[in-house]
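First the proteins, then the strands, lettered A, B, ... as listed; each starts at 1.
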Protein chains: 2
Amino acid sequence: MVTIGDVARAAGVSRSTASYALSGKRAISAEVRQRVNDAVLRLGYTPNAGARALATSQTMVIGLLAQFLEDEFAPAMLEYMLGVSDTARELGYDTLLVTDGDGASALRRITDSRMVDGLVLLNVAQDDVRLPVLRAAPQPGALVGLPGDCSGLDVFDLDFEEAGRMMVDHMHRLGHRELILVSQPEHVVERGGAYVWRLQDAALQQARLRGVTLHAVFGESRQPAVGRSLHGLLDTYPDATGLLLNNEAAAAALPTVLHERGLTAPDDLSVIGRYSDEFARVFSLPYSSIESAPDRLGRMAVRQLVRRIESETGRAEPYVVRFVAPELVDRKSTAAPRT
Amino acid sequence: MVTIGDVARAAGVSRSTASYALSGKRAISAEVRQRVNDAVLRLGYTPNAGARALATSQTMVIGLLAQFLEDEFAPAMLEYMLGVSDTARELGYDTLLVTDGDGASALRRITDSRMVDGLVLLNVAQDDVRLPVLRAAPQPGALVGLPGDCSGLDVFDLDFEEAGRMMVDHMHRLGHRELILVSQPEHVVERGGAYVWRLQDAALQQARLRGVTLHAVFGESRQPAVGRSLHGLLDTYPDATGLLLNNEAAAAALPTVLHERGLTAPDDLSVIGRYSDEFARVFSLPYSSIESAPDRLGRMAVRQLVRRIESETGRAEPYVVRFVAPELVDRKSTAAPRT
DNA sequence: CTGAAAGCGCTTACAG
DNA sequence: CTGAAAGCGCTTACAG
């Protein structure tokens, strides 16, 4: 292994001078800088990450905690992960991916051992057991997903309340008076998936306001249950003319279900989902949707995290809770109801 | 930060004794061991990962290189990633996720700086530019995907040749005499996605052997092109009675396409894909498929990698190239052709 | 503008 | 069975 000592010797300078020449942290004569750079190239020197971390207390790694729970939809998670990983790299950080079932103890392991400079948590629950660990950690943390208690952390999420209202208003404006809202499975709610009820409660309230009947139900997230459950709903509420989906798995399953029933959107049924444009493409989903902006949320979380990591003042800045405004991407799956 | 020095002082022993008590690498009196353990618990000590890495030259991290290319299908990649990450954790390793566009220089960065003890590469191409870098690295590497040159590396992949033959034979046995094989986009082939032609060539040969007409074509991987291309194929080969898919995006788009044409599998068309059971569930795909076993391949790669990392003899063992035998998962999407 | 030295927090021969 | 010391490869005050 070639060390900075080798570089220094080859350049005929001391190790400290070699180090400073590379970091640029103090003035170095042009000639010495040149000799050091030449030596680096000639020997193929790269600083040892562990040694640097030990000396500087900076690892240049951020931890990404992603939980892949049985009843959650993995492909949706991937988009957040890539947003985080790509942004981290742009800002000079590598990403330690943690997918442990037990997120709290994994988090403790990573933070206590100083493997990372900061953390991004995905899929954050109302009363997330990882948060007390994260608050107690010496590293700053950023969340994608709104918990009950945001203290001491930066939080980024879609404005699910507004998304719920938008869905209802859009349908109401077209003339719909009876709608079905399919949320995530009840398990997700029980586990504290706050976005489920944030969207649902707002939608229900808006429906009351507009005089619209809204049947709010929990969906499923795995085949074949998700398909069966959609069939059941359409059987149960035959007069509903619009379908709102806050459930990626249900959205992915809907084309098949509609096909099996011989229905077409928007002729027979108007449909609005809540997922990203990328998700729509990947799953060939022809339904209008509220853009969930996973890449943007991942970027925002990492940017803020790195700001806190890198600046003294950043550490002390007040914590932020930032909501992305929902946007409706029109894919022509809604229309006036059949009369 | 609490260090092993703090633990040693609290336990009234030297730092080396504290270290040995924790590692168990030499005999320690029961009483001292007890005092050290108590101190660890009381102070909440966790070893500093960077310091340990520096002292031992072991990071207990493996690097996972995943390339998300524009014309490849991300959700399929996720399954491999989780197989790797979960297995790594079981074996005591964390996972550094690298998703850089430029895989070769990212790989060099990770290996030169000694951030990882070993590497798993996904999505390996015939003439993968990352392989020379990996071979030159001091850490061992394992591949998921078969390159042209396997020297110096452990390689794991699905037996795509056998998969191609199985698809053709299965259809032939049911009485089909004209089939369409939809592969990945031509870009994937040009970039060296060897599995595309490994399956295709074997399928073509088997078709000749059986007297079956096989139209082998490149598909697309993004909406809306993938749907249009499937429509085009069904228009071009109206007499084909069976469809073989070596293209996850095409499989995901097929339900919608068949719906739009008013076709049903297997009544109007027999279909076999090549994807995992998990993928079938996630995308609600009702088609029989050759199991691509991403989790198993990820596990195998990590197991072998860790064996090489951890044992002296493991380092020296001959390199392996191991193929997973394809299995056909029957979802009742094939039948005798309509006469 | 440059160098000698201390220190980051571990592990592990070397001594006893 | 235990301790004092060296060393892993860096960075960064401290001196000049």
* Asked: The side chain of Ala51(A) lies closest to which of these nucleotides: dT12(D), dC10(D), dC10(C)?
  -> dC10(D)
* Ion pair Asp149(A)/Arg135(A), N-O distance below 4.0 Å -> yes
* To do: Could you please name the option among dT2(C), dT12(C), dC10(C) that lies closest to any side-chain atom of Pro47(B)?
  => dC10(C)
* Asked: Do Gln139(A) and Thr111(A) have side-chain atoms, one donor and one acceptor, less than 3.5 Å apart?
  -> no
* To do: For the pair Met115(B) and Val61(B), evaluate side-chain contact (heavy atoms from CB on, under 4.5 Å) and give the outcome as yes or no after the intermediate values.
  => CA-CA 7 Å; Met115(B) 298 182 80; Val61(B) 176; over 6 Å; no
* Among dG9(C), dA4(D), dT11(D), which is the nearest nucleotide to the side chain of Ser14(B)? -> dA4(D)
* Asked: Less than 3.5 Å between a donor and an acceptor, one on the side chain of Arg26(A) and one on the base of dG3(C), is that the case here?
  -> yes
* Between the side chains of Thr17(A) and Ser14(A), does any donor sit under 3.5 Å from an acceptor? -> yes
* Looking at every strand, decide which applies to Ser16(B) at a 4.0 Å heavy-atom threshold: base, sugar-phosphate, or nothing. => base
* Ignoring hydrogens and angles, tell me if any N or O in the side chain of Asp100(A) forms a donor-acceptor pair with the backbone of Gly103(A) under 3.5 Å. => no
* Asked: Side chain of Leu54(B): nearest nucleotide among dC8(D), dC1(C), dC1(D)?
  -> dC8(D)
* Counting only side-chain N and O atoms of Ser19(B), is one of them less than 4.0 Å from OP1 or OP2 of dT12(C)? -> no
* Structure fact -> Rounded to whole Å, the CD1-C1' distance (Ile4(B) to dC8(D)) equals 15 Å
* To do: Return one dot-bracket line describing DNA chain D 5' to 3' (Watson-Crick or G-U wobble pairs, both distances under 3.5 Å; ( ) same strand, [ ] crossing, | another strand, . none).
  => |||.||||||||.|||
* Asked: So, does the side chain of Tyr20(B) form a donor-acceptor pair with the base of dA13(C) at under 3.5 Å?
  -> yes
* What nucleotide among dT11(C), dC1(D), dC10(D) has an atom nearest to a side-chain atom of Ala27(B)? -> dC1(D)
* Asked: Any side-chain N or O of Arg52(A) under 4.0 Å from OP1/OP2 of dT11(D)?
  -> yes
* **Touch class at under 4.0 angstrom, heavy-atom based, for Thr56(A) against every strand present** => sugar-phosphate
* Distance check: side-chain N/O of Ser23(A) vs OP1/OP2 of dT11(D), anything under 4.0 Å? -> no
* Among dC10(C), dC14(D), dG3(D), find the nucleotide with the atom closest to the side chain of Val13(B). => dG3(D)
* **Crowding at CG, Asp127(B) (>12 non-hydrogen neighbours, <6.0 Å)** => no
* **Sugar-phosphate, base or nothing in reach of Ser113(A), heavy atoms under 4.0 Å** => nothing
* Asked: If you look at every strand shown and take non-hydrogen atoms under 4.0 Å, does Thr3(B) touch a base, only sugar-phosphate, or nothing?
  -> sugar-phosphate
* Distance in angstrom units between Gln58(B) CD and dC8(D) P, rounded -> 17 Å
* Does Ser57(B) put a side-chain nitrogen or oxygen below 4.0 Å from OP1 or OP2 of dC8(D)? -> no
* Please test Ser85(B) against Thr99(A) for side chain to side chain donor-acceptor pair (under 3.5 Å), starting from the C-alpha separation and ending with a verdict. => CA-CA 7 Å; Ser85(B) 158; Thr99(A) 58; 2.5 Å; yes
* Would you please test Val120(B) and Leu65(B) for side-chain contact (heavy atoms from CB on, under 4.5 Å) and show each step? => CA-CA 6 Å; Val120(B) 175; Leu65(B) 267 87; over 6 Å; no
* Check whether any side-chain N or O of Lys25(A) sits under 4.0 Å from OP1 or OP2 of dT12(D), and answer yes or no. => yes
